[in-house]
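From a predicted model like this one, the values you see are computed outputs, not experimental measurements. In the text below, chain A, chain B and the rest are named by the order of the sequence lines, each starting its count at 1.
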2 protein chains.
Amino acid sequence: MDEVDRTLLAELQRDATQAYAALGQAVGLSAGATHERVRKLREQGVIRRTTVDVDPAAVGRGVMAFVLVEANAWMGDSPTKTALEELPEVVEAHVIAGPASLLVKVRTSTTEELQASLRRLFAIEGVTGTQTIVVLESFFERPVDVRPG
Amino acid sequence: MDEVDRTLLAELQRDATQAYAALGQAVGLSAGATHERVRKLREQGVIRRTTVDVDPAAVGRGVMAFVLVEANAWMGDSPTKTALEELPEVVEAHVIAGPASLLVKVRTSTTEELQASLRRLFAIEGVTGTQTIVVLESFFERPVDVRPG
DNA sequence: GTTGAAAATATTAATAT
DNA sequence: ATATTAATATTTTCAAC
């Protein structure tokens, strides 16, 4: 993981459709060498996958909220994870240190659907309460910065 | 945006490196027709971009936190957005309804760096306080579900 | 929407630094 | 080890249907 790799990662985050020749120009390498660098980054797991960024509103997921989930037991275990994975509107789930046990990020079509989601979260074993933070506007959501610091 | 498009989106979210021929097989279409469908999804902005998912820990961003930012004025304006964009550790910034004005998601290398980030957030015009939620473990972070519901 | 052909690109191999 | 160049294999892309 040198400076060249980081530049390649930043370029791929920006546009993963570009050809290896174009990608190589950004770092002064040939297509072949660039290909080999990227192959290794994938192999090492630094690049987890290549994916597309879909506009949530365009697929009927224009409502977003963060939900703090309180519980009467430790929720950092596998059954909880599985229960959350089964809810398609839950896009992130984190075990946290702070005012609750979990923080989940939810995307729904409407606020009515959000309400239905809260009902489903409440139904999970051990959950005693929720605190919902509705997003009014997102300034930005961007990939992790690959530069050291 | 029919059922075929949604399947294509789900497939591309899973693996955007696959060839149009393979992608087409998932929906029973030729490579040419698949290519045209995807081209239109990009044109319409349903697909915002093709990108790589980078492991945060591998690039020195293994610490994650959500920060509720309180302020003494309306923070939903452009100057605030710009100030947050200038902080590379801030990966998301949202205007919220709830116990604070903003919710930001931060990724740093260490908790010391997280502290430094909080200092920078405090330095933003209008900010009067922060409440930090440190993530202990992430169950998952996944793309938006493209299925209706 | 399909098929098929041309152009671009990915991928592998041989070789050099 | 990692790069370059050059070959071959795939794939994208764009016609014509």
- Message: Grouping I, L, V, M, F, W and Y whenever their side-chain heavy atoms are under 4.5 Å apart, do B/Ile96 and A/Phe140 come out in a common cluster?
- Response: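 Cluster IDs for B/Ile96 and A/Phe140 differ.
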- Query: Any chain of hydrophobic side-chain contacts (each under 4.5 Å) joining B/Val38 to A/Val54?
  - Reply: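 Yes, same cluster.
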Whole-Å distance between [N] [atom2] and [X] [atom1]?
{"X": "A/Met1", "N": "D/dT2", "atom1": "CE", "atom2": "P", "answer": "14 Å"}
{"X": "A/Tyr20", "N": "D/dT4", "atom1": "OH", "atom2": "C1'", "answer": "17 Å"}
{"X": "A/Asp2", "N": "D/dA1", "atom1": "CG", "atom2": "P", "answer": "16 Å"}
{"X": "B/Leu23", "N": "D/dT10", "atom1": "CG", "atom2": "C1'", "answer": "16 Å"}

- Item | Stretch residues 25-48 of chain B: residues that reach within less than 4.0 Å of DNA chain D through a heavy atom |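 Contacts with DNA chain D under 4.0 Å: B/His35.
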- Query: Within 45° of the axis and under 6.0 Å from the centre of the six-membered ring of A/Phe122, does NZ or CZ of A/Arg119 qualify?
  - Reply: no
- Determine the sole option in B/Arg61, B/Arg120, B/Arg107 for which the side chain to side chain donor-acceptor pair (under 3.5 Å) test with B/Glu89 is passed. B/Arg120
- Message: If you define the side chain from C-beta out and look only at heavy atoms, does anything of A/Val106 sit under 4.5 Å from A/Ser117?
- Response: yes
- Considering residues, nucleotides and ligands other than A/Glu125, do more than 12 of their heavy atoms fall under 6.0 Å from its CD?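 No, the 6.0 Å shell around CD holds no more than 12 heavy atoms from other groups.
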